[in-house]
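Structure, as structure tokens:
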Amino acid sequence: MAIIKIEDISKYVGEEVTVQGWAYNRTDKGKLVFLLLRDGSGFVQCVAFKGDLDETTFDQLTRLPQESSVIISGPVREDKRAPGIPGGYEIGVKKVEFVQLAAENYPMALKEQGVDFALDHRHLWIRMQSQWAILRVRATVIAAIREWLDTNGFLNVDTPILTPAACEGTSTLFATEYFDEGFAYLSQSGQLYNEADIMAFGRVYCFGPTFRAEKSKTRRHLTEFWMVEPEVAFCDLDGLMEIEEQFVTHIVQRVLRDRMPELKFLGRDIARLEKIIPPFPRISYDEAAKKLQELYEAETAPEKKALLKFDWGIDFGAPHETALTNLYEKPVFVYGYPTAVKAFYMEPWPGRPEVCKSVDLLAPEGYGEIIGGSERMSSHDLLLQRIHEHNLPEEAFTWYLDLRKFGSVPHSGFGMGVERTVAWICGIEHIREAIPYPRTIKRVYP
RNA sequence: UCCUCGCUAGCUCAACGGCAGAGCGGGCGGCUGUUAACCGCUAGGUUCGAGGUUCAAAUCCUCGGCGAGGAGCCA
């Protein structure tokens, strides 16, 4: 008898199959037991009638502890009443093998958990349907990222996680002792290395964990998160935006194709995701500032109004991003930020040195910045001047400056936060649910 | 770092100065279509900690601990 995956169950209607999994939920009704079984690929209802099984087996099923591991065989039936992911199918129980009877004090109730409790039990929480669905979407987002980049001329060239100093000289870094070399720091970006790599390979991306030691405490921050950073030689800011919108569209459409049961279980508004196709709106920082001023004046609630206060020259806060993106149904590009609020390596806007060729992509529905990118500075002398202005140690950037001495070209790149993207696509409140084991300022367990 | 909030049964919460409770989960029993099943019975407590006010504190006050939401910073 074939061992099948629950996600493929629709192919086996009328056949006898075997599934290997865990008892997710159970309800019994006299001579009938309903067992919701999960096998990692999905959730399916198994129905046992007392008359179909020997007395001992049936009796054991009626008192089967939650999360017990079992192997169940029987015929697949289509039945609209059957719950599951995907729902609508059930297995009539003919044979049961009890692999392990779980202890009776399984701590996770099948309902909403308090955040603290749920995170302390993350190793069990990931078994629950909601978390399982989110992490399945995450895997598909990652697959789609690699798929699009690999088929569009990008070479995966990974960058070091242990680095000598701050890439951008801004964020707070995690430090670790490094033999006789003093300290090494956990990477907050592979971008500077990417710039070296494109001069060897043309188009590259790095993809891995990224670390920020800032004491951020919001639903949009983790201390360890995953970022994909593509970088492209011979590419200006407009070219970069075209790449970003194709890239994001591919990711969303791939998730819609492969993870519809998960999205539906999560209650995601599918229609909103289906609208994510090019072109995305593009507005300048100046235009965004004007719109924010209008929104500020139109806001009547004093508390909200205070949060929306905005003057030209400042970076957007979360309330600004939310207000701005609520004007659009698609992700929106905001380009040309003030030079003063951005990193030292961004190309100045021609004729307007107070503005730089940077672009952020802000996700709709209040999810905020999912991509930050820019055209990089290609002039050696200007770059050196900026390094001095930012009080960065010139000797640490010798190799980076070399890139502008030997065949410098216009080039651009961006970084996309995986967890923010997953949170947006899933429609969940907090990005800690978009990574298997979240690391936050107050949590490194489990 | 700052502001705000929370901590009571395994979980989610109620009791808000006067006997510490409910639902879920656990155990036992009943029921042939359950969807967080339902019905009956049952076990389960250092009310985060220390100190204080009071005849009386889960409840009020002080200090501490732990956590969350938000700001700043960022993806």
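Labels below follow one simple rule: chain letters A, B, ... track the order of the sequence lines, proteins then strands, and each chain is numbered from 1.
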Counting only side-chain heavy atoms from C-beta out, which of [options] sits nearest to [X]?
{"X": "A/Ser216", "options": "B/rA68, B/rU12, B/rC73", "result": "B/rC73"}
{"X": "A/Arg63", "options": "B/rG29, B/rA68, B/rA75", "result": "B/rG29"}
{"X": "A/Asp79", "options": "B/rG33, B/rC73, B/rG10", "result": "B/rG33"}
{"X": "A/Pro107", "options": "B/rG70, B/rG10, B/rA75", "result": "B/rG10"}
{"X": "A/Ala109", "options": "B/rC11, B/rA68, B/rA71", "result": "B/rC11"}
{"X": "A/Val47", "options": "B/rC74, B/rG72, B/rG33", "result": "B/rG33"}
{"X": "A/Ile431", "options": "B/rU34, B/rA75, B/rG69", "result": "B/rA75"}

Given the [atom1] atoms of [N] and [M], what is the spacing between them in whole Å?
{"N": "B/rC11", "M": "B/rG49", "atom1": "P", "answer": "15 Å"}
{"N": "B/rG52", "M": "B/rG10", "atom1": "P", "answer": "28 Å"}
{"N": "B/rC16", "M": "B/rC7", "atom1": "P", "answer": "14 Å"}
{"N": "B/rC38", "M": "B/rG44", "atom1": "P", "answer": "24 Å"}

5' precedence on RNA chain B between A/Leu307 and A/Leu110 (nearest-nucleotide basis): A/Leu110

If you assign A/Gly317 and A/Met416 each to the RNA chain B nucleotide with the nearest heavy atom, which residue ends up on the more 5' nucleotide? A/Gly317

Under the 6.0 Å and 45° cation-pi test, does A/Lys29 pair with A/Phe34?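 Not satisfied by the 6.0 Å and 45° rule.
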
Between [atom2] on [N] and [atom1] on [X], what's the gap in Å once rounded to a whole number?
{"X": "A/Gln45", "N": "B/rU34", "atom1": "CD", "atom2": "C1'", "result": "7 Å"}
{"X": "A/Glu429", "N": "B/rG70", "atom1": "CD", "atom2": "C1'", "result": "13 Å"}
{"X": "A/Asp315", "N": "B/rA75", "atom1": "CG", "atom2": "C1'", "result": "12 Å"}
{"X": "A/Asn25", "N": "B/rG26", "atom1": "CG", "atom2": "C1'", "result": "14 Å"}
{"X": "A/Asp28", "N": "B/rC38", "atom1": "CG", "atom2": "C1'", "result": "11 Å"}
{"X": "A/Asn194", "N": "B/rA75", "atom1": "CG", "atom2": "C1'", "result": "15 Å"}
{"X": "A/Lys215", "N": "B/rG67", "atom1": "NZ", "atom2": "C1'", "result": "16 Å"}
{"X": "A/Tyr337", "N": "B/rC73", "atom1": "OH", "atom2": "C1'", "result": "14 Å"}

Sequence neighbours excluded, which residues qualify as salt bridge (Lys or Arg N to Asp or Glu O under 4.0 Å) partners of A/Glu329?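 So A/Glu329 forms a salt bridge (Lys or Arg N to Asp or Glu O under 4.0 Å) with A/Lys275.
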
Does the ring centre of [Y] sit less than 6.0 Å away from the ring centre of [X]?
{"X": "A/Phe414", "Y": "A/Phe247", "answer": "yes"}
{"X": "A/Tyr337", "Y": "A/Phe316", "answer": "yes"}
{"X": "A/Tyr89", "Y": "A/Phe43", "answer": "no"}

Considering residues at least two apart in sequence or located in another chain, which fulfil the side chain to side chain donor-acceptor pair (under 3.5 Å) criterion with [X]?
{"X": "A/Glu15", "result": "none"}
{"X": "A/Asp116", "result": "A/Arg443"}
{"X": "A/Lys342", "result": "A/Asp360"}

Can you tell me if A/Lys442 has over 12 outside heavy atoms packed within less than 6.0 Å of its NZ? no

Measuring to OP1 and OP2 of [N], would you say a side-chain N or O of [X] lies under 4.0 angstrom away?
{"X": "A/Arg26", "N": "B/rG25", "value": "no"}
{"X": "A/Lys29", "N": "B/rU34", "value": "no"}
{"X": "A/His221", "N": "B/rG72", "value": "no"}
{"X": "A/Arg220", "N": "B/rG70", "value": "no"}

Please list, by residue number, the residues of residues 354-375 of chain A whose heavy atoms come closer than 4.0 Å to an atom of RNA chain B; answer none if no residue qualifies. A/Glu369, A/Ile370, A/Ile371, A/Gly372

Could you check which residues of residues 32-44 of chain A get a heavy atom under 4.0 Å from RNA chain B? Sort them by number, please.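 Heavy-atom cutoff 4.0 Å gives A/Leu32, A/Phe34.
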
Once ring-ring contact (aromatic ring centres under 6.0 Å, His included) is applied, do any residues pair with A/Phe117, and if so which ones, sequence neighbours excluded?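 For A/Phe117, the residues satisfying ring-ring contact (aromatic ring centres under 6.0 Å, His included) (neighbours in sequence not counted) are A/His121.
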
Does any pair with a residue in residues 217-228 of chain A pass side-chain hydrogen bond (donor to acceptor under 3.5 Å, both in side chains), and if so which ones, sequence neighbours excluded?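 Only A/Thr218-A/His221, A/Arg219-A/Glu429 qualify under side-chain hydrogen bond (donor to acceptor under 3.5 Å, both in side chains).
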
Give every residue pair that meets the side-chain hydrogen bond (donor to acceptor under 3.5 Å, both in side chains) criterion with at least one member in residues 40-64 of chain A, sequence neighbours excluded.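 Applying side-chain hydrogen bond (donor to acceptor under 3.5 Å, both in side chains) to every pair that reaches into residues 40-64 of chain A, excluding sequence neighbours, yields A/Asp39-A/Ser41, A/Gln45-A/Glu90, A/Asp54-A/Thr57, A/Asp59-A/Arg63.
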
Pairing donors with acceptors under 3.5 angstrom, does anything connect the side chains of A/Tyr400 and A/Glu195? yes

Under the salt bridge (Lys or Arg N to Asp or Glu O under 4.0 Å) rule, what pairs show up with a residue in residues 239-256 of chain A, not counting sequence neighbours?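 Every salt bridge (Lys or Arg N to Asp or Glu O under 4.0 Å) pair that includes a residue of residues 239-256 of chain A, provided the two are not neighbours, is A/Glu147-A/Arg254, A/Glu245-A/Arg282, A/Arg254-A/Asp258.
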
Students often get this wrong, so: under 4.0 angstrom with heavy atoms, is A/Glu224 touching a base, only sugar-phosphate, or nothing?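 Contact class for A/Glu224: none.
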
For a quick check, tell me whether the side chain of A/Gln113 and the base of B/rU12 share a donor-acceptor pair closer than 3.5 Å. no

Is there a donor N/O on one and an acceptor N/O on the other, under 3.5 Å, for the side chain of A/Glu90 and the base of B/rG33?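 Answer yes: a donor N or O sits under 3.5 Å from an acceptor.
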
Could you list, one pair per line, each protein nitrogen or oxygen that sits under 3.5 Å from a nitrogen or oxygen of nucleotides 40-43 of chain B, together with the distance?
none

Using Watson-Crick pairs (N1 to N3, plus N6-O4 or O6-N4) and G-U wobble pairs, both distances under 3.5 Å, which stems of at least 3 pairs involve RNA chain B?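 Ordered by first number, the stems with RNA chain B (at least 3 consecutive pairs each) read B:1-7 with B:65-71, B:10-13 with B:21-24, B:26-30 with B:38-42, B:48-52 with B:60-64.
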
Derivation and outcome, salt bridge (charged side-chain N to carboxylate O under 4.0 Å, His left out), residues A/Lys291 and A/Glu294: CA-CA 5 Å; A/Lys291 286 178 193 292; A/Glu294 288 166 15; over 6 Å; no

Residues A/Trp312, A/Tyr285; criterion ring-ring contact (aromatic ring centres under 6.0 Å, His included); working and verdict: CA-CA 9 Å; A/Trp312 196 98; A/Tyr285 177 90; 5.4 Å; yes

